[in-house]
Amino acid sequence: MVATKLTTLMKKCSTVKHAKQIHAQIITNNLTHLEPIFIHRILLCDITNYKTISNYILSILHHLRNPDSFSWGCVIRFFSQKGQFVEAVSLYVQMRRIGLCPSSHAVSSILKSCARVEDDLCGLLIHGHVHKFGFDACVYVQTALLDLYCKIGDVVTARKVFDEMPDKNVVSWNSLLSGYIKGGNLDEGQRFFDEIPLKDVISWNCMVSGYAKAGKMDRACYLFQQMPERNFASWNTMITGYVDCGSIVEARELFDAMPRRNSVSLITMIAGYSKSGDVHSARELFDQMDDKDLLSYNAMIACYAQSSKPKEALDLFNVMLKPDSSLHPDKMTLASVISACSQLGNLEHWRWIESQINNFGIVLDDHLATALIDLYAKCGSIDKAYELFHGLRKRDVVAYSAMIYGCGINGRASDAVELFERMAGECIIPNLVTYTGILTAYNHAGLAEEGYRCFISMKDNGIVPSVDHYGIMVDLLGRAGWLDEAYKLIMKMPMQPNVGVWGALLLACRLHDNLKLGEIAVQHCIKLESETAGYYSLLSGIYATVGKWNDAKKLTTGVEGKKIIKIPGCSWTQLV
DNA sequence: CTAGGGTTAG
């Protein structure tokens, strides 16, 4: 019997090529009545190339002589499961236009799609269909409905749906539990969790995840230990929890204690090490991965970019692009790569990045555009940066900060101030980075008084200046010749001044030939950093200017070479 | 229904 044989083959089918062969045989044997079943089977295929298979599935659907509710339902479920939610919704609309009644597959899938894109309007419309087409007793549809209400934040209605369900399975319980947890209602969640008649591993994971996300690791750990069974997600949730509250050591202990690890475990640890600044350990784990996927590369490249290692980030990006790797970079990859490029501040990278974006068909979103704004601004093309900035869908604190800093380093202080004020007008609270930008702008323009006023106003926004902000201020006051004020500011610092702060004062002393403060500054500089040649050179410069030739000579004897120190708020300054 | 990734400074 050909039909039986083909059905068996379809069950085993796992590639597009194979599916097409079977499909051809169905056509030649005139077995088109099998096609709805065929679609159902192919949906079970585990095929990695979603794009190709999506188009193929659609072409089958459109070539069916009589596509019925079942066929449509299968296809809609396929798109929903593959994360193509918008496509799924559009297919549902098409199906309704033909006048077909939706199957339970179609309705539950479309509810899931609405939930994922948080489209409450479409969701409410489908809620009507649930009654209209008689799915009040279908546990799948009802569960999808209650999950939709959880996802759009309406737990009360979700509870109502739940209470009216004639049948409930563990997924229904878990969905509502997840709704309570997501809404931050841990106590209510715990009470509900205790009521679940047959808890599965997901019920437990959900509860553990709730405590972990709230930073209550003690409670999460207590539950974790009581779990009757654990899967990858259980362990990975705990690791994420420890990483998020900065306990990288505990995270690692758990990671090592896992009976088996998957790529999520490794990526979570890599991101954790990245956050704690341990690039070496991150790379060690990355190298241990057998099959590195896109997300592993993204995590490692991001780690380098965030740890001021742009060169390494770009090197790894190039490894990823090797012809045999078949990995296709996405927005996440490019965001880190752009960040790396702008750290290098090299104009050549600009064109290269643009070609990469085009090559890989990456569509700019606000995140990526913000990274590009930074790149353009650092390359001195403030107009291009502005162009992108105006094109943003939503301008957040990061975008404003990048733009303000960009104006600052390009000597456009008035633009920076205007942006800063417009930002306040939009009720966006500036953060530490924003103040670094605006103070840098004042510094570059030599606007000491305005800069100082801005610095003082930081506390109005509840921002505590960091040591770097003090560095910029000392530089700003010092360059303006207000050396005593700069020194007083250092004395009032609530934290230990670093070499950047004292270096800025020393530089200002050289600029204005202030020997008294210069000697103090240089003492602190050499105490904080043993490489002292540059500091002594500066001091000897002051001695020379004020005519103390002997002191100058004493200092310069044995001192050779140049020293580069970093003064926050200004560019790399080479001191001779 | 549970677990992993991006942008601003230094």
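No hydrogens, no waters, no symmetry mates; every other heavy atom, side chains included, goes into these values.
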Is there a side-chain polar atom (N or O) of [X] under 4.0 Å from OP1 or OP2 of [N]?
X: A:Y405; N: B:dG10; result: yes
X: A:K378; N: B:dT8; result: no
X: A:S339; N: B:dT8; result: yes
X: A:Q306; N: B:dT8; result: no

(message) Distance to the ring centre below 6.0 angstrom and angle to the axis at most 45 degrees; does that hold for A:K292 and A:F286?
(response) yes
(message) Taking the six-membered ring of A:F193 as reference, does the cationic atom of A:K199 (NZ for Lys, CZ for Arg) lie under 6.0 Å from its centre and within 45° of its axis?
(response) yes
Closest approach to the side chain of [X], judged atom by atom: which nucleotide of [options] is it?
X: A:A233; options: B:dT8, B:dG5, B:dA3; answer: B:dA3
X: A:V433; options: B:dG6, B:dA9, B:dG4; answer: B:dA9
X: A:A271; options: B:dT7, B:dG5, B:dC1; answer: B:dG5
X: A:D293; options: B:dG4, B:dA3, B:dT7; answer: B:dG4
X: A:K112; options: B:dA9, B:dG6, B:dC1; answer: B:dC1
X: A:K151; options: B:dA9, B:dT7, B:dC1; answer: B:dC1
X: A:I202; options: B:dA9, B:dG5, B:dT2; answer: B:dT2
X: A:A335; options: B:dA3, B:dT7, B:dT8; answer: B:dT7
X: A:V398; options: B:dG4, B:dT8, B:dG6; answer: B:dT8
X: A:T370; options: B:dT7, B:dT8, B:dT2; answer: B:dT7

In whole angstrom, what separates [X]'s [atom1] from [N]'s [atom2]?
X: A:Y242; N: B:dG4; atom1: OH; atom2: C1'; result: 19 Å
X: A:M207; N: B:dA3; atom1: CE; atom2: C1'; result: 17 Å
X: A:K394; N: B:dT7; atom1: NZ; atom2: P; result: 18 Å
X: A:N205; N: B:dG4; atom1: CG; atom2: C1'; result: 14 Å
X: A:Y180; N: B:dT2; atom1: OH; atom2: P; result: 16 Å
X: A:I472; N: B:dG10; atom1: CD1; atom2: P; result: 7 Å
X: A:M300; N: B:dG5; atom1: CE; atom2: P; result: 15 Å
X: A:M458; N: B:dA9; atom1: CE; atom2: P; result: 16 Å

(message) Out of the candidates A:F420, A:Y470, A:F455, only one should pair with A:Y435 under the ring-ring contact (aromatic ring centres under 6.0 Å, His included) rule; please name it.
(response) A:F420
Sugar-phosphate, base or nothing in reach of [X], heavy atoms under 4.0 Å:
X: A:S263; answer: base
X: A:L368; answer: base
X: A:A299; answer: nothing
X: A:D200; answer: nothing

(message) Any donor-acceptor pair under 3.5 Å linking the side-chain atoms of A:Q190 with those of A:R219?
(response) yes
Is any side-chain N or O of [X] under 3.5 Å from a base N or O of [N], one able to act as donor and the other as acceptor?
X: A:D330; N: B:dG6; result: no
X: A:T240; N: B:dG4; result: no
X: A:N298; N: B:dG4; result: no

(request) Verify, without hydrogens or angle tests, whether A:Q306 (side chain) and A:S274 (backbone) share a donor-acceptor contact under 3.5 angstrom. (result) no
(message) Treating A:N410 as the side-chain partner and A:A377 as the backbone partner, does any N or O pair qualify as donor plus acceptor under 3.5 Å?
(response) yes
(message) Are A:H280 and A:Y273, when compared by the centres of their aromatic rings, separated by less than 6.0 Å?
(response) no
